[in-house]
Amino acid sequence: SDWDAALYIGLVPEDLKHLIEIAPEPTTVIDWRRANALLEHVQFSELIILDQPRYRQIQREATVGEGEEKQTVTTTDMAKESDLENLHYEVIAHGQHGPLILQKREGEKLSYYLLFDPDRSTLPYRVGFPIMVSNLIRSSMHQAGLLEVTGDETGVLPSMSLTPKEDYKVTGPHAFERSETADDKGVVSGVPAPRVGRYNVSDGTKERFVGVSLLDVEETLLESVETIQFADPETSVTASARVAETNKALWSTFALLALLLLLVEWWFFQRKPGGFTR
C-alpha cells in the first residue's frame, strides 16, 4: 500500500482484539487530545455513541521469589492503555471504559482507528465531523509532503539538468516554441515561460514536462494595470483615472477640538493664582 494516512471506521485491529471488545452499551467521550492533527478544532462534548469499546480482562504472568523458590504466577487483570502503547498504538480519544479513537504510526505511514461505527452515534450530525474529515485530508497531504510543494512561476522556467551540449526543443501553450542548447554541465536555464500551462522539453527521443502555475504578475499580484483584457478580443475594461470617493475619517478633527478644549481649560486655570476667585 502506498497510502500516507488512513482512517479505519467501526473495527478493532486484529492485534488488539484480545485487549478490546465492543459492548452494545451507550457511552460518551470523556477526554480527547485537542492538539492531535485529526482532532484539531473538533468538539466531542455531549456526543452519544451506542456501541462502547471497552478493555477486556487478560491474563498476566509475573515472576515472584528468588533462586530455587522463583515461580511464575498468573493473574487476571483488565487491559490498560500501556498495553496498547506496547503495540505502538496511541489513544487520542477516551470513552468511559476504554479507548474510542487510536493512532498508530509505522514509519512514514499514519493510521487512525475509530473503534465505533459513526452511523451508531450522533457524530455525523455534528459540525466536528466534516472538520475531522478535513483534518484527515490535511494530515494525509502533510504526510505526503504536498503542503510544502509550490508551483513554478511564470516568467522563466526553472533550471534543468540535461545532457551536456545537447540541442533541445521547448514547446508550450499558445504555440510557444524555442530551441535551447545545454551548456558544458548539461544545464538549460533562462527559458522564458510567458503563459500558464505545461512546457515540453525534448531532444527528439526523450521528453520532459514542466508545469507552470498561475503565479504571474498580471494574475495574482496586486499590481495596477491600465486595461483588463478578457477572452473576447473585443471586450476590455479601461482603468479609471478618477480617484474613488471614500468616507473621511473624523478622528483627527475630534482630536484637534479636544486639544483646543484642554488649552482653554489650562489657560483659565493658570492665568492667575486662585483661578476666578477674587
Side-chain angles (χ1 to χ4, degrees), residues 1-8 37-38 40-42 105-112 127 129-246:
S1 176
D2 55 356
W3 45 261
D4 297 280
L7 175 66
Y8 299 93
L38 180 67
E40 189 175 8
H41 308 302
V42 177
R105 185 180 296 275
E106 299 173 286
E108 296 182 354
K109 299 179 182 179
L110 184 63
S111 303
Y112 298 102
V127 178
F129 184 70
I131 295 177
M132 187 172 66
V133 174
S134 176
N135 290 342
L136 176 66
I137 297 174
R138 184 176 179 84
S139 178
S140 180
M141 294 178 64
H142 178 73
Q143 290 292 118
L146 297 179
L147 290 181
E148 294 79 17
V149 175
T150 57
D152 296 321
E153 300 180 5
T154 53
V156 180
L157 290 180
S159 299
M160 295 169 283
S161 297
L162 303 171
T163 304
K165 298 183 179 180
E166 187 76 22
D167 294 329
Y168 290 92
K169 181 179 180 181
V170 182
T171 57
H174 294 271
F176 176 84
E177 185 173 331
R178 183 184 177 95
S179 297
E180 294 287 341
T181 302
D183 60 14
D184 296 339
K185 297 181 179 179
V187 177
V188 175
S189 61
V191 180
R195 294 182 178 271
V196 173
R198 188 174 73 166
Y199 290 79
N200 181 18
V201 182
S202 173
D203 61 355
T205 57
K206 298 180 180 180
E207 294 182 333
R208 179 173 178 176
F209 297 99
V210 180
V212 175
S213 69
L214 299 177
L215 302 178
D216 70 326
V217 172
E218 294 184 354
E219 294 183 1
T220 60
L221 294 183
L222 298 177
E223 188 168 297
S224 61
V225 294
E226 295 181 356
T227 304
I228 301 177
Q229 188 68 44
F230 295 93
D232 186 358
E234 298 181 358
T235 304
S236 63
V237 176
T238 304
S240 175
R242 186 170 64 90
V243 179
E245 296 181 358
T246 58

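FYI, the numbering just counts along the sequence from 1.
- The closest donor-acceptor contact from the side chain of Tyr168 to the backbone of Thr163 lies under 3.5 Å.
- Within the 4.5 Å cutoff, the side chain of Asn200 has no heavy atoms near those of the Lys169 side chain.
- Contact between Ser202 and Gly204 at its shortest, heavy atoms only, is OG-N, 3.1 Å.
- Counting only residues at least two apart or on different chains, the side-chain hydrogen bond (donor to acceptor under 3.5 Å, both in side chains) pairs with a member in residues 181-194 are Asp167-Thr181.
- Closest approach of Glu180 and Val170 over heavy atoms only: CG-CG2, 4.3 Å.
- A pairwise comparison of heavy atoms in Val210 and Met160 identifies CG2-SD, 3.9 Å as the closest pair.
- To the nearest 0.5 Å, the span separating CG on Asn135 from CG on Leu7 amounts to 11.5 Å.
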- Message: One pair to check against side chain to side chain contact (heavy atoms under 4.5 Å, CB included): Ser139 and Leu110. What are the steps and the verdict?
- Response: CA-CA 9 Å; Ser139 178; Leu110 184 63; 3.7 Å; yes
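- In plain terms, the two heavy atoms of Val212 and Val196 that are nearest each other are O-CG1, 3.5 Å.
- Proximity of Leu157 to Tyr199: side-chain heavy atoms (C-beta onward) are separated by under 4.5 Å at one or more points.
- Checked against the 6.0 Å centroid threshold, Tyr8 and Tyr112 do not count as a close aromatic pair.
- Residues forming a side-chain hydrogen bond (donor to acceptor under 3.5 Å, both in side chains) with Glu166 (at least two apart in sequence, or on another chain): none.
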- Query: So Leu162 and Val201, side chain to side chain contact (heavy atoms under 4.5 Å, CB included) or not? Walk me through it.
  - Reply: CA-CA 10 Å; Leu162 303 171; Val201 182; 4.0 Å; yes
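- Applying the salt bridge (Lys or Arg N to Asp or Glu O under 4.0 Å) rule to Arg198 yields no partners; only residues at least two apart in sequence or on another chain are considered.
- Atom OG1 of residue Thr171 and atom CD of residue Glu207 lie 8.0 Å apart, to the nearest 0.5 angstrom.
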